[in-house]
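Remarks on the structure that follows.
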Amino acid sequence: MRPRFTIAEQMIRVEASPTAAGWDCVVEISEGEKASRHNVRVSKEDLQRWGRPGDAPEHLVRQAFDFLLKHEPADQIKLSFELAEINQYFPEFEREFANR
C-alpha cells in the first residue's frame, strides 16, 4: 500500500484551453509558501472515460489531482503529462474513478 499524504491549506487551480484533440490544462498547486505548476493534456476520450456527463475538463483534472495528492506530494507529480498516464502509475485510478 502506498503512503497517503496529508496536505494542509492546499489549493488547486485548473485552467483548460481547447485543442483539436481535447484540452491543455495548466494546474497550479499552492500549499502555504510552496507552489508547483503542471501541464496536463486531456483527450476527448479521457473526458468521456473518466468524467461524468456534463463534467468540464477542469473538474476532471481537479479530481485527478485530488487523487494524485493522496498518493504523493505535489513536488513528485510530473510537470507535464497526459491524463491517461496516471493509470499507468496508479492502476487503482481506474477503479476509484469508476466508483465515484
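Side-chain atoms are counted along with the backbone in the values below, which use heavy atoms only and exclude waters and symmetry mates.
- With E85 contributing its side chain and E82 its backbone, the two residues share a donor-acceptor pair below 3.5 Å.
- Side-chain atoms of N87 and R49, non-hydrogen and from C-beta on, do get closer than 4.5 Å to each other.
- Closest non-hydrogen pair, V42 versus L47, comes out as CG1-N, 4.3 Å.
- The main-chain N or O of R41 is never found under 3.5 Å from a side-chain atom of D24 such that the two would form a donor-acceptor pair.
- No side-chain heavy atom of M11 sits less than 4.5 Å from a side-chain heavy atom of E31.
- The distance from atom CD1 of I77 to atom NE2 of H71, rounded to the nearest 0.5 Å, is 11.0 Å.
- Atom CZ of F97 sits about 6.0 Å away from atom CG of L60, to the nearest 0.5 Å.
- Of all heavy-atom pairs spanning E58 and A16, the tightest one is OE2-CB, 3.4 Å.
- Shown here for A64 and I86, the closest heavy-atom pair between the two residues is CB-CD1, 3.9 Å.
- Each ring pair (Phe, Tyr, Trp, His ring centres under 6.0 Å) pair with one or both residues in residues 13-36, not counting sequence neighbours, would appear here, but there are none.
- In terms of heavy-atom proximity, C25 sits nearest to V61 at SG-CG2, 3.8 Å.
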Verdict with reasoning, R13 to R62, per side chain to side chain contact (heavy atoms under 4.5 Å, CB included): CA-CA 8 Å; R13 185 169 165 255; R62 167 102 168 91; over 6 Å; no
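- The pair D66-K70 does not meet the salt-bridge criterion, since no charged nitrogen lies less than 4.0 angstrom from a carboxylate oxygen.
- Legend: residues meeting side chain to side chain donor-acceptor pair (under 3.5 Å) with R37, ordered by chain and number and at least two apart, are E28.
- The closest donor-acceptor contact from the side chain of K34 to the backbone of A74 lies at 3.5 Å or more, if one exists at all.
- For K78, the NZ atom is densely surrounded, since the number of other residues' heavy atoms within 6.0 Å is greater than 12.
- Taking the centre of each ring, F65 and H38 come in below the 6.0 Å mark.
- No continuous path of ILVMFWY side-chain contacts below 4.5 Å connects V26 to L83, so the two sit in separate hydrophobic clusters.
- Contact of the Q63 side chain with the W50 side chain is not registered, since no non-hydrogen atoms from C-beta on lie closer than 4.5 Å.
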Audit row: F90, E72, side chain to side chain contact (heavy atoms under 4.5 Å, CB included) steps and yes/no: CA-CA 11 Å; F90 300 99; E72 61 188 355; 3.9 Å; yes
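- Neither I29 nor L79 shares a network with the other; the hydrophobic side chains, linked directly or stepwise wherever heavy atoms of I, L, V, M, F, W or Y lie under 4.5 Å apart, form separate groups for each.
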